Amino acid sequence: MQARNKIIFAGFLCISVTFLVFSYMAFAGDITIVGEVNDTQQIVAEGQIYEVANTPMGDDLVFNYIAVRVKVTGTVEKKEDMKIITVKSFNAVPE
């Protein structure tokens, strides 16, 4: 009987861990922000400052659209007190 309980517990534990891993990936989806690129290569949107990840699209955004209002879609990762956005797409937005 005790061996059966161990197997049931191990199965439940595996299912729980799998659920947690896949639910984390579901919450890490794309977001869209509208803000302005500042001269320190960040996006300021609704009082929040987003660092831009070092990718070809992110570099294009921060080097060529300084002081321009942009709509950016990407994934956001929090590291310590910073929010870092990995840019998937962007376009300039009229003021």
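Values reported hereafter were calculated over all heavy atoms of this structure, with side chains retained and with hydrogens, waters and symmetry mates removed. Note that the coordinates shown come from a computational prediction; the quantities given were computed from them, not determined experimentally.
- I49 is not listed as a side-chain neighbour of I43, based on a closest heavy-atom distance of 4.5 Å or more.
- Closest approach of T86 and A53 over heavy atoms only: OG1-CB, 3.6 Å.
- Note that CZ of F90 and CE of M57 are 6.5 Å apart. Values are rounded to the nearest 0.5 Å.
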| field | N54/D59 under side chain to side chain contact (heavy atoms under 4.5 Å, CB included): CA gap, chis, key distance, verdict | value | CA-CA 6 Å; N54 188 13; D59 291 346; 3.0 Å; yes

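- Residue pairs meeting the side-chain hydrogen bond (donor to acceptor under 3.5 Å, both in side chains) criterion with at least one member in residues 76-85, sequence neighbours excluded: Q48-K83.
- With T73 as reference, D30 is the one residue of I85, D30, V87 to meet the side-chain contact (heavy atoms from CB on, under 4.5 Å) rule.
- Tracing side-chain contacts under 4.5 Å through hydrophobic residues (I, L, V, M, F, W, Y), one never reaches V44 starting from Y50; they form parts of separate clusters.
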Using a 3.5 Å cut-off and no angle test, enumerate the donor-acceptor pairs between side-chain atoms of residues 60-71 and protein atoms at least two apart in sequence or in another chain.
from : atom 1 : to  : atom 2 : distance (Å)
D60  : OD1    : N64 : ND2    : 2.5
N64  : ND2    : D60 : O      : 3.3

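- For the atom pair I33 CD1 and E46 CD, the distance stands at 9.0 Å (nearest 0.5 Å).
- Taking both residues in full, the closest heavy atoms of G35 and A45 are given as CA-CB, 3.9 Å, listed atom of the first, atom of the second, then distance.
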